[in-house]
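Notes for the one structure printed next.
Quantities reported herein were computed from a predicted structural model and do not represent experimental measurements. A, B, ... follow the sequence lines: proteins, then strands. Residue 1 opens every chain.
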Amino acid sequence: MRRSSYFLPILKENPTEAQIVSHRLMLRGGMVRQSAAGIYTWLPLGLRVLRRIERIVREEQDAAGCQELLMPTIQPAELWRESGRYDVYGKEMLRITDRHEREMLFGPTNEELITDIFRQAVKSYRDLPKLLYHIQWKFRDEIRPRFGVMRGREFLMKDSYSFDLDYAGAKRAYNKMFVAYLRTFARMDLKAIPMKAESGPIGGDMSHEFIILADTGETEVFCDRSLIEYDVLRDSVDFDGDLEPYIKRWTQYYAATSDKHDPAAFAALPVERRVTARGIEIGHIFYFGKKYSEAMKATVTGPNGEAVAVEMGSYGIGVSRLVGGIIEANHDDAGIVWPKSVAPFQVGIINLKPGDADCDAASQETYRKLNESGVETFLDDLNESPGSKFATMDLIGLPWQIVIGPRGLKKGIVELKERRSGKREELSTESALSRVLS
RNA sequence: CGGGGCGUAGCUCAGCCUGGUAGAGCACUGCUUUCGGGAGGCAGGGGUCGCGAGUUCAAAUCCCGCCGCCCCGACCA
C-alpha cells in the first residue's frame with residue numbers, strides 16, 4: 001500500500017479526549033475515529049489489525065473443534081423474556097421498537113439466541129456435544145464508556161457456546177476453550193494469565209478471566225510470579241486428547257482478580273512470589289450449567305428416553321478490546337510496537353526523497369519484491385520532511401522499516417530498522433530483504 | 001446516575017474574569033528554498049465562538065435552559 005493513496009489521517013497532537021496511551025495512539029495513528037461516546041469507526045489501518053486478530057481467534061477456535069456461525073445483532077425481546085433476563089438486564093441493554101411496535105434489542109450477548117437455535121435443531125443426546133461460536137458486534141449501553149475501544153459501548157466479540165449432556169462433557173468443552181485461549185493469546189505475543197473469576201450462582205471453579213498485565217488495566221489483580229515467568233503456550237495441542245495437564249499447569253498457582261481475591265491464600269505465598277498489578281480482561285470463560293437450557297427448555301432425549309436439559313457454557317474474547325490491549329502492552333514513547341502476528345503491515349518502506357530517480361526506483365523495486373513474496377508492505381512515498389516520515393512510521397509501529405535515501409543509495413545501501421529494538425543496520429537492499437523475509 | 005471539568009479553524013489552545021464585532025501554533029492551498037529524526041520563506045483559504053432563549057446600543061465574553069464530550073465513583077468483555 002502506498003501512503004499517497006492510503007486513507008491514513010495521522011494526528012500530530014494528542015486529542016484531549018484520549019487519556020490512556022492506546023486510545024491516544026489509535027487516534028493519532030489513524031486507526032479509529034470516535035462517532036459517539038464508546039462508538040468508533042474503524043479506519044483502514046485499524047481495521048487491518050482488527051481483522052488480523054479476528055483471524056487468529058477464528059483459526060484457534062476452529063482448531064479446538066468449535067464451529068463458526070453468525071447470529072444477528074438485533075434480537076427479539078421475546079427470547080429474553082423466556083430466559084427472564086429482559087427485565088434483569090436493565091438500562092445497559094439497548095432496546096429498540098420496530099415499525100410494527102415489536103420489541104427488539106441490540107444484543108449485548110447471545111445466550112438466548114444460541115439456545116433457541118440449538119433447541120430447534122438438536123433433539124438427541126447422540127448429537128452432542130456441540131461447540132459453536134460467532135464473531136459479532138455487540139452493544140452494551142455502558143453508563144460511562146472510556147479507554148477508547150477497550151471499554152466501548154459497541155464492541156466486537158467472539159463468543160462461543162458449548163452444549164453437553166452432562167457435567168463431564170461441559171468440563172471437556174471448558175478445558176478446550178481454556179487451552180484454545182492460551183494458544184490464541186500466545187499467538188498475539190500476549191502473556192495472558194487465567195485468573196479465577198466470579199462464577200455466579202453455579203459456583204465451582206469453572207470460571208476464568210484471561211488477564212494481561214498493564215499499568216492502565218481496569219482491575220487490580222493478584223498472582224503468583226510463577227505464572228508470569230511461564231512461557232506462553234506455543235505447542236500444538238491435540239484437542240481430542242487429555243487437556244487436564246494444561247489446565248493443571250496454568251491453575252496450580254494463585255491468581256485472582258480483586259473480586260475473587262483471597263488475602264489469606266495470597267499472604268501464604270513467599271513475599272518474592274506475590275505479584276500485585278493492574279490487568280486488562282481480554283477473555284472470559286464460564287460454565288453455567290442449565291441456567292438457560294432449563295428456562296428455555298433446551299432439552300435432548302437422553303439414553304434412557306428421558307428429556308435432559310443440556311449443560312452449557314459460554315466463552316468470550318473481546319476482539320476489539322484486544323486492539324487496545326495489545327497496544328497497552330506494546331508501545332514506547334514514539335508510538336505503537338506491533339507484534340508481527342497482528343501488525344497491519346509487516347514492513348514499512350520510507351522513500352526519503354520521492355522524485356529522486358534513484359530513490360523512487362529503489363523504493364519501487366523493494367516494494368514490489370516484498371509484495372511478490374507475500375509480505376504486506378506499506379510504502380511512504382509522500383513528499384514530507386524526513387523527520388516527519390520517521391515519526392509517522394514509528395507511530396504506526398510496523399515491525400520493520402526500510403529507509404531508502406540518496407545518501408545511502410550512493411553507497412549501495414539502505415537502512416533496516418527493527419521497530420521493537422530500535423536497532424538500525426545499514427545493508428544492501430538484498431540483505432535487507434532477506435532479513436525481513438527470514 | 002452522583003461529583004468535577006471542558007465545548008472558540010482539521011488538531012492543540014489563547015481570548016471570557018473586566019461586553020466593543022475573533023486570534024496563535026500546527027495542519028491545509030500556491031510558489032519557493034530545503035531534504036537522514038515531526039524544516040524555512042512569501043502569499044492565501046478556512047470559524048453562524050456546541051444549540052436555544054434572555055440581558056444590553058453591543059454577547060465568544062454576563063444570565064437561564066438544553067445537548068455533546070472528558071475525568072473520578074458505582075457498573076461492565
Will you find, in the side chains of A:Gln75 and A:Trp80, an N or O donor that is under 3.5 Å from an N or O acceptor?
yes
Hey, does A:Gly316 reach any base, or is it just sugar-phosphate, or nothing, if we go heavy atoms under 4.0 Å?
nothing
Would you mind classifying the nucleic acid contact of A:Lys417 as base, sugar-phosphate or nothing, using non-hydrogen atoms under 4.0 angstrom?
base
Measuring only the C1' atom in each nucleotide, how far is B:A77 from B:G15? A whole number of Å is fine.
44 Å
Using the P atom on both, measure B:C63 against B:C26 and round to a whole Å.
35 Å
Check every strand shown and say whether A:Arg153 touches a base, only sugar-phosphate, or nothing at a heavy-atom separation below 4.0 Å.
nothing
Reckon A:Thr392 touches a base, only the sugar-phosphate, or nothing at all at heavy-atom distances under 4.0 Å?
base
Less than 4.0 angstrom between a side-chain N/O of A:Ser388 and OP1 or OP2 of B:A39, yes or no?
no
Measure the distance from CD on A:Glu92 to C1' on B:C75 and round it to the nearest whole Å.
7 Å
According to a cutoff of under 5.5 Å between the ring centres and under 30° between the ring planes, does A:Phe155 stack with the base of B:A77?
yes
Is the closest basic N to carboxylate O distance between A:Arg85 and A:Glu111 below 4.0 Å?
yes
Does B:U12 have OP1 or OP2 sitting under 4.0 Å from an N or O in the side chain of A:Thr16?
yes
Taking the C1' atom in each of B:C16 and B:C49, what is the distance between them to the nearest angstrom?
11 Å
Can you tell me how far P in B:C13 sits from the matching atom in B:G50, rounded to whole Å?
15 Å
Under a 3.5 Å cut-off for both distances, is B:C49 Watson-Crick or wobble paired, and to whom?
none
Separation of the P atoms in B:C11 and B:G65, to the nearest angstrom
29 Å
Take atom CG of A:Asp141 and atom P of B:C76, then tell me their distance rounded to the nearest Å.
15 Å
Checking A:Tyr133 against A:Gln61: is there a side-chain donor and acceptor pair closer than 3.5 Å?
no
For A:Tyr287 and A:Tyr167, take the angle between the two ring planes, folded into 0 to 90°, and tell me which bin it lands in: parallel under 30, tilted 30 to 60, perpendicular over 60.
perpendicular
For A:Arg28 and B:G10, what is the distance between atoms CZ and P respectively, to the nearest whole Å?
20 Å
Using OP1 and OP2 only, check whether a side-chain N or O of A:Arg24 sits under 4.0 Å from B:C11.
no
Look at all strands and tell whether A:Arg424 reaches a base, only sugar-phosphate, or nothing, counting heavy atoms closer than 4.0 Å.
base
C1' atom, B:U18 versus B:G5: distance in rounded Å?
24 Å
Within the structure, does a side-chain N or O atom of A:Arg144 lie under 4.0 Å from either OP1 or OP2 of B:A74?
no
Salt bridge flag under 4.0 Å for residues A:Asp215 and A:Arg278:
no
Base, sugar-phosphate, or nothing: which does A:Pro9 touch, judged by heavy atoms less than 4.0 Å apart?
nothing
